[in-house]
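Notes follow the structure.
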Amino acid sequence: MRSFTYERAATPQQAARAVGGKPGAKFIAGGTNLLDLMKLEIETPTHLVDVQDLPLGSIEETGEGGLRIGAFVSNTALSAHPRIRRDYAVLTRAIQAGASGQLRNKATTGGNLLQRTRCPYFYDTNMPCNKRSPGSGCAAIGGFSRQLGVVGVSDKCIATYPGDMANALAVLDAVVETVQPDGATRSIPIGAFHRLWGDTPERETALEKGELITGVVLPAPPGGRHFYSKVRDRASYAFALVSVAAVIQPDGSGRVAFGGVAPRPWRSKQADDALPLGAKAVIQQAFADASPRDDNRFKIALAERTLAGILAEVGS
Amino acid sequence: MKFDAPAGKTIVDDPTVIGKSTRRIDGPRKTTGTAPYAYERHDVVSGQAYGYIVGSAIARGRITAMNLDAARKAPGVIAVIAATETEPVGTSPFNTAPLFGGRDIAHYHQAIACVVAETFEQARAAAALIRTTYDRDAGDYDLAKVKDGAKIAPGWSVPEDIQRNGNFAEAYAAAPVQLDQTYTTPDEAHAMMEPFATIAAWEGDKLTLWTSNQMINWSKRALASILKMPAENIRLDSPFIGGGFGGKLFIRADAVLAALGAKAAGRPVKIAMQRPLMFNNATHRPATIQRVRIGTDADGRILAMGHECWSGNLPGGSAENGAAQTRALYSGPDNLTVSYISRLDLPEGNAMRAPGEAVGHLALEVAMDELAEKLGLDPIEFRLRNEPERMPGDPSKRFSGRHLVECLREGADRFGWSARQSRPASVRDGRWLVGMGVAAGYRGAPITKSAARVSLDNAGRVRVETDMTDIGTGSYTIIAQTAAECIGVPLDQVRVDLGDSRSPVSSGSGGQWGAASSTAGVYAACVELRRMVAEKFGMNADTARFEGGRVVDGKTRRRLAEAGPLSAEGQMDYGDFQNDYDMGTYAGHFAEVGVDAYTGEVRIRRMLAVCDAGRILNPLSARSQVIGAMVMSAGSALMEDLVVDKRFGFFVNHDLAGYEVPVHADIPHQEVVFLDTLDDVISPLKAKGVGELGICGPGAAIANAVYNATGVRVRDYPITLDKLIDKLPDVA
Amino acid sequence: MSDPILPVTRRALLGSSAASVAILTAGEAKAGNVAASAASIRMPVSLTVNGTERLLTLDPRTTLLDALREHLQLTGTKKGCDHGQCGACTVIVNGERINSCLSLAVQHAGDEVTTIEGLGTPDKLHPMQDAFVEHDGYQCGYCTPGQICSSVAMLKEIARGVPSHVTGDLDGEMRATDVEIRERMSGNICRCGAYSNIAAAIADVARG
């Protein structure tokens with residue numbers, strides 16, 4: 001881990017300015033992903049701006065019947081919030097399917113959105129990786145890619161976004177709110193927050209330098225039945241092979257997003273529209289452009305079967 | 001003393017302490033964080049600096065250059081030792097891969113440098129500044145590719161690891177019913193929770209290592225050879241070990257680099273190997289390809305049993321002999337077991353909990369299940385029909401004590417085996433396909449010489465000293481129980497000091513020999529102490545009774561404390577008569593699983609092991625050994641897989657997020673039953689180990705349960721959902 | 001195999017001829033400007049550990065785990081992986097369990113930290129510590145302090161009504177059932193496999 005200086009910011013804009021104005025500066029919230037990567041020198045910030053003192057730790061009602069979740073609200077607090085449990089159960093389910101009790105206590109709403117991939121070649125600094133070291137190549141292509149992406153990936157990078165929370169946020173049509181160093185604010189729809197890798201896998205989100213996530217807004221509750229199915233080799237404390245977030249209405253319509261398969265929660269209007277036709281139809285839409293590897297091709301069948309399990313539960 | 005005939009009368013025939021479930025005497029220290037592990041010993045020597053290891057970035061080749069300047073100039077750095085500036089360290093009979101020094105690279109993450117600094121943070125940061133360039137050589141990393149050129153592996157006890165009895169080929173060809181299947185098991189990691197860790201300090205030419213090691217005397221000798229110094233100048237101390245499973249049988253790079261680093265820095269150095277380095281730097285259980293051929297008559301009597309196992313290793317490394325148990329388990333006049341080895345340029349393969357047998361059962365016991373189905377026999381009945389009278393692979397050997405039939409029968413009763421549906425995929429519970437499986441378990445019961453010192457003070461307190469280790473096995477407590485039983489004092493009057501190379505040399509912990517061997521050594525020392533006490537009191541040692549802190553002989557009755565202080569050393573040695581026996585431990589393993597009909601996820605519902613391992617010294621901790629081994633076996637059946645990148649030649653998933661081992665949620669209620677048996681061939685205590693018996697069979701029982709649940713037979717471990725879903729019924 | 005963008009060619013990698021390759025680290029491809037001035041940074045940090053206020057002067061890189069183990073010599077908290085993948089380093093901060101390896105000590109200025117040493121001593125065991133001894137809820141002992149700290153805080157999470165992955169009714173009463181305990185403790189790996197006994201020990205304490 002490289003040496004760094006450390007400060008605590010008092011206001012969101014001050015934090016944004018502190019990071020925006022200094023090369024090598026980064027925000028630190030829970031730190032559960034950042035410190036992991038700093039120990040391996042995959043992240044090498046020279047200055048850390050701690051955002052824990054910012055007034056971003058609460059969940060408030062919006063005028064539209066939704067909720068505004070402060071960026072510093074922990075995963076545990078968010079998942080346990082009475083209104084989230086009642087009206088946005090897919091979010092509670094998604095968060096509780098991820099990581100461990102200890103990590104959820106520390107991980108934050110904003111930080112979790114920025115969680116970086118778990119590709120093993122990204123994690124091994126001896127290996128080429130276009131995301132970690134742009135232009136060096138991708139060791140995952142042609143290597144061990146069972147966990148990696150099957151859709152939305154590129155010939156430069158086949159990593160996935162590994163988190164769970166964002167898959168639920170995707171089917172809830174959440175909006176990410178930010179502040180920039182100049183004080184300007186932005187509202188970024190969750191579907192536009194994570195970038196596809198393309199030729200620049202090192203650029204993972206829509207955020208600009210110094211731009212700080214201040215909160216996530218949930219629109220009014222979508223109703224329907226909420227599901228989050230996470231499929232993995234061991235029963236807990238593991239990243240998804242495939243996960244499915246779904247909100248299904250009584251008439252069979254609904255929304256669905258797939259995790260563990262792409263650079264971002266994988267949701268499309270075409271896939272949503274196919275829900276009343278069943279799992280196979282949804283998969284045909286969602287994975288039409290898939291480019292799986294031999295060792296992760298199973299993810300497409302697994303996604304279909306996992307969604308079928310959800311739809312069977314709706315039908316029963 | 002020498003154990004040269006089956007045990008007759010002993011001083012522990014009517015035990016009041018051994019054999020009773022006993023809370024561990026080291027429990028209060030372990031549960032309060034006050035048990036000192038290697039890296040934590042701030043008190044033993046002052047001025048400890050921090051070392052950080054750098055591993056090779058290539059699997060095979062040579063270092064062309066190392067730029068150490070930036071690291072040497074980095075803040076807090078005291079010393080940098082580098083492979084290019086260090087002669088290769090010596091070798092030892094216990095190590096295959098070179099641990100440090102010279103430009104040649106034998107495997108990925110082989111240690112190539114160590115930075116010593118004032119703080120951990122400084123050492124880690126400086127280590128990342130070292131720049132190394134290499135000439136990369138091609139290597140062999142794919143077992144399936146090199147298998148055909150394999151040679152018969154050198155064995156541990158026979159010149160070539162091939163054993164045959166009769167003529168397998170002819171008998172198999174003539175057998176009316178045949179099974180010929182091939183199974184594969186992946187490389188596996190010990191993944192013990194405590195990393196390799198050492199504090200090293202020099203005093204003149206004398207070296208002390210506070211380390212984490214299972215085999216103190218082996219490792220003292222190995223280190224002498226590696227560092228080319230006299231063994232008597234080395235002291236190892238390893239009172240608490242955070243898990244080993246075979247991974248800490250031998251000296252590793254942490255110990256070598258702490259010693260070299262301390263010399264270079266001129267002060268004590270502490271090193272804990274960083275977790276992401278452990279999987280490729282140290283040893284692992286090698287992958288296997290196993291072909292099992294079994295021929296029977298129409299009634300299911302085995303006529304020919306063949307088990308061949310292929311594995312790979314660095315030159316000089318040993319094979320993973322998956323055929324080991326097959327010689328002992330089932331009758332069959334004509335049998336053949338062979339282990340083949342090929343060169344692979346992966347990290348060193350070496351012993352991991354029940355080497356050979358753990359993965360051997362994953363093949364053999366599934367083959368037995370497959371053949372039982374072919375024969376239309378219940379898999380338990382099939383095994384019962386093939387219970388041998390003598391060791392099939394070597395009929396000159398009798399069994400010292402074998403109750404496998406009782407294990408299977410008792411297990412069937414307790415598990416409710418009669419409810420199992422023999423037709424696969426016929427039980428459904430909601431979205432779950434449910435099935436049951438069984439496997440037999442066999443693990444050899446080696447025993448070896450072991451010594452201890454037992455002292456009595458003038459307050460009647462007893463102290464045991466031996467270089468035996470407790471790797472979680474419960475050695476502290478069973479040794480205390482043995483001394484309390486033999487000397488006739490309450491357990492709380494016994495103090496046990498383990499893991500110090502200055503103490504008498506024990507068996508150490510490995511191969512499930514530790515419990516039986518080390519307590520027998522303590523028994524020998526206690527016999528000697530009793531003789532000294534009796535002599536002091538003018539009593540006959542053979543007739544004196546030691547109980548309740550008193551010694552009674554005829555009408556004479558004395559307080560034990562009056563004999564103190566006294567100190568006795570003893571060692572148990574074993575006679576050749578044991579060569580006439582196959583000494584083994586046996587189990588019936590049962591599992592019930594649910595397989596998600598949609599996703600193919602396998603979740604274990606129940607597990608049972610019925611074990612036959614002679615006297616159980618402490619049922620509480622012995623049960624823990626068995627359930628723990630069942631967990632590891634479940635891991636190997638369902639998830640554990642060190643994945644080889646066959647281009648770069650390394651294990652890709654080299655951390656605890658990538659290499660998945662079972663967590664709490666994977667493990668259901670587990671039941672363990674010990675049959676009430678005694679084995680008078682093994683030692684006066686008539687006790688055998690159980691720590692590896694528990695990993696021999698449960699994985700196969702799980703695999704068989706998955707088949708029973710789904711009708712899908714997966715022969716390539718681990719049984720992950722991607723190998724199941726395309727064969728499960730359509731759900732869309 | 002199609003890996004055209006590897007930095008070394010397939011022939012160099014897989015063929016018989018040796019190829020000279022330089023292995024670069026990620027950092028080297030980036031700015032690579034180690035701020036020498038930053039190297040000797042020290043910061044004062046005040047924490048309350050097991051009820052006692054402790055003032056430390058630390059390199060900001062020091063994790064809470066290393067502050068406890070190396071600076072305060074409270075070695076009961078274990079380092080198993082240093083990457084949040086095992087749970088051996090679990091401590092209780094302001095009433096909540098966290099992985100102390102993935103937290104900088106400077107992030108915890110003013111916090112209340114409870115470690116295994118703060119729960120009980122060999123002569124006066126905490127009920128959870130005693131239950132672990134009674135049920136043999138450990139083997140090698142290395143994950144044990146983390147398991148115990150985690151379980152003590154975990155039962156409080158259930159009491160506070162925090163749901164889990166296996167909770168059926170999100171609005172129902174949370175109970176410390178066997179399935180709940182096993183799911184909620186899954187962030188604490190025990191390679192010795194003492195899980196069944198640990199669950200039994202925790203269930204004993206949960207029943208009171």
Side-chain angles (χ1 to χ4, degrees), chain B residues 23-24 27-37 40 42 57-58 61 64 74-75 119-121 128 132-138 191-195 240-243 272 274-275 471-473 620-621 623-624 627-632 647-648 655-657 661-665 667 669-670, chain C residues 1 3 8 12-16 18-23 25 27 39-40 59 61-62 66 69-70 73 75-77 79-83 85-86 88 115-117 120-122 125 129 132-134 136 138-145 148 182-183 185-186 189 191-197 199:
Chain B
R23 285 165 62 118
R24 293 188 198 219
R29 283 204 280 172
K30 282 182 171 170
T31 54
T32 55
T34 50
Y37 295 82
E40 302 166 355
H42 292 283
I58 66 165
T64 50
T119 71
F120 170 69
E121 292 76 22
T132 306
T133 53
Y134 304 87
D135 269 346
R136 192 197 300 257
D137 284 348
M192 71 299 272
M193 298 312 297
E194 181 202 23
F240 288 92
I241 296 142
Q274 60 271 32
R275 179 65 62 176
I471 59 175
T473 38
L620 181 67
S621 57
R623 178 179 173 279
S624 291
I627 66 168
M630 289 157 77
V631 170
M632 201 176 273
R647 306 162 304 169
F648 291 97
D655 62 24
L656 286 174
V661 301
V663 296
H664 274 274
I667 301 304
H669 177 69
Q670 297 169 308
Chain C
M1 194 188 310
D3 49 356
V8 288
L13 200 58
L14 304 169
S16 56
S20 190
V21 291
I23 303 296
T25 68
S40 52
D59 184 325
R61 291 175 291 185
T62 312
D66 286 326
R69 280 168 67 83
E70 305 305 321
Q73 301 196 1
T75 53
T77 308
K79 184 184 282 192
C81 71
D82 215 16
H83 288 276
Q85 301 165 354
C86 78
T115 69
I116 191 70
E117 291 92 343
T121 61
L125 297 175
Q129 292 168 324
F132 269 63
V133 178
E134 182 63 23
D136 217 44
Y138 51 65
Q139 290 175 41
C140 80
Y142 200 75
C143 75
T144 310
I148 291 172
R182 289 177 195 260
E183 161 58 26
M185 290 299 294
S186 287
I189 292 176
R191 184 57 162 161
C192 296
Y195 295 132
S196 261
N197 292 350

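It should be emphasised that the depicted structure is a prediction, and the values quoted were computed from it without experimental measurement.
When atom types are taken as modelled, the side chain of C:S186 and the backbone of B:V663 share no donor-acceptor pair closer than 3.5 angstrom. Listed for the C:R182 side chain is a donor-acceptor partner under 3.5 Å among the backbone atoms of B:I667. Between the side chain of B:K30 and the backbone N or O of C:Q139, at least one donor-acceptor pair lies under 3.5 Å. A donor-acceptor pair under 3.5 Å is absent between the side-chain atoms of C:R69 and the main chain of B:E40, judged by distance alone.
Here the closest heavy-atom approach between residue B:G243 and residue C:C140 is recorded as N-CB, 3.2 Å. Heavy atoms only, all atoms of each residue included: B:T31 and C:Q129 are closest at O-NE2, 2.9 Å. Minimum heavy-atom separation, B:Y37 to C:Y142: OH-N, 3.6 Å. Taking all atoms of both residues into account, the shortest heavy-atom contact from B:G33 to C:I116 is CA-CG2, 3.9 Å. The shortest non-hydrogen separation linking C:S196 to B:I627 is CB-CD1, 4.1 Å.
Only the side chain of C:D82 has a heavy atom closer than 4.5 Å to any heavy atom of chain B. Contacts of C:I148 with chain B are made by side-chain atoms alone, with heavy-atom separations under 4.5 Å and no backbone atom involved. For B:A657, the parts lying near chain C are the backbone and the side chain together; criterion is any non-hydrogen pair under 4.5 Å.
The shortest distance between side-chain heavy atoms of B:D655 and C:H83 does not fall below 4.5 Å. Counting heavy atoms from C-beta on, the side chains of C:R191 and B:P662 come closer than 4.5 Å.
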CA sep, side-chain torsions, deciding dist, call: C:D136, B:R623, side chain to side chain contact (heavy atoms under 4.5 Å, CB included) | CA-CA 9 Å; C:D136 217 44; B:R623 178 179 173 279; over 6 Å; no
Between C:N197 and B:S624, is a side chain to side chain donor-acceptor pair (under 3.5 Å) present by the stated rule, with each step listed?
-> CA-CA 8 Å; C:N197 292 350; B:S624 291; 3.0 Å; yes
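No other option in B:M192, B:M193, B:R29 has as many heavy-atom pairs under 4.5 Å with chain C as B:M193. Residue with the most contacts toward chain C among B:P36, B:P195, B:A74: B:P195 (heavy-atom pairs, distance under 4.5 Å). Taking C:G120, C:A194, C:G76, C:C192 one by one and counting their heavy-atom pairs under 4.5 Å with chain B, the maximum is reached by C:C192. Taking C:E183, C:E70, C:M185 one by one and counting their heavy-atom pairs under 4.5 Å with chain B, the maximum is reached by C:E70.
When the side chain to side chain donor-acceptor pair (under 3.5 Å) test is applied to C:T121, no partner is found at least two apart in sequence or on another chain. Under the rule for a salt bridge (Lys or Arg N to Asp or Glu O under 4.0 Å), the partners of C:D66 that lie at least two apart in sequence or sit in another chain are C:K79.
Relative orientation of the B:H664 and C:Y195 rings is tilted, given thresholds of 30° and 60° on the angle between their planes.
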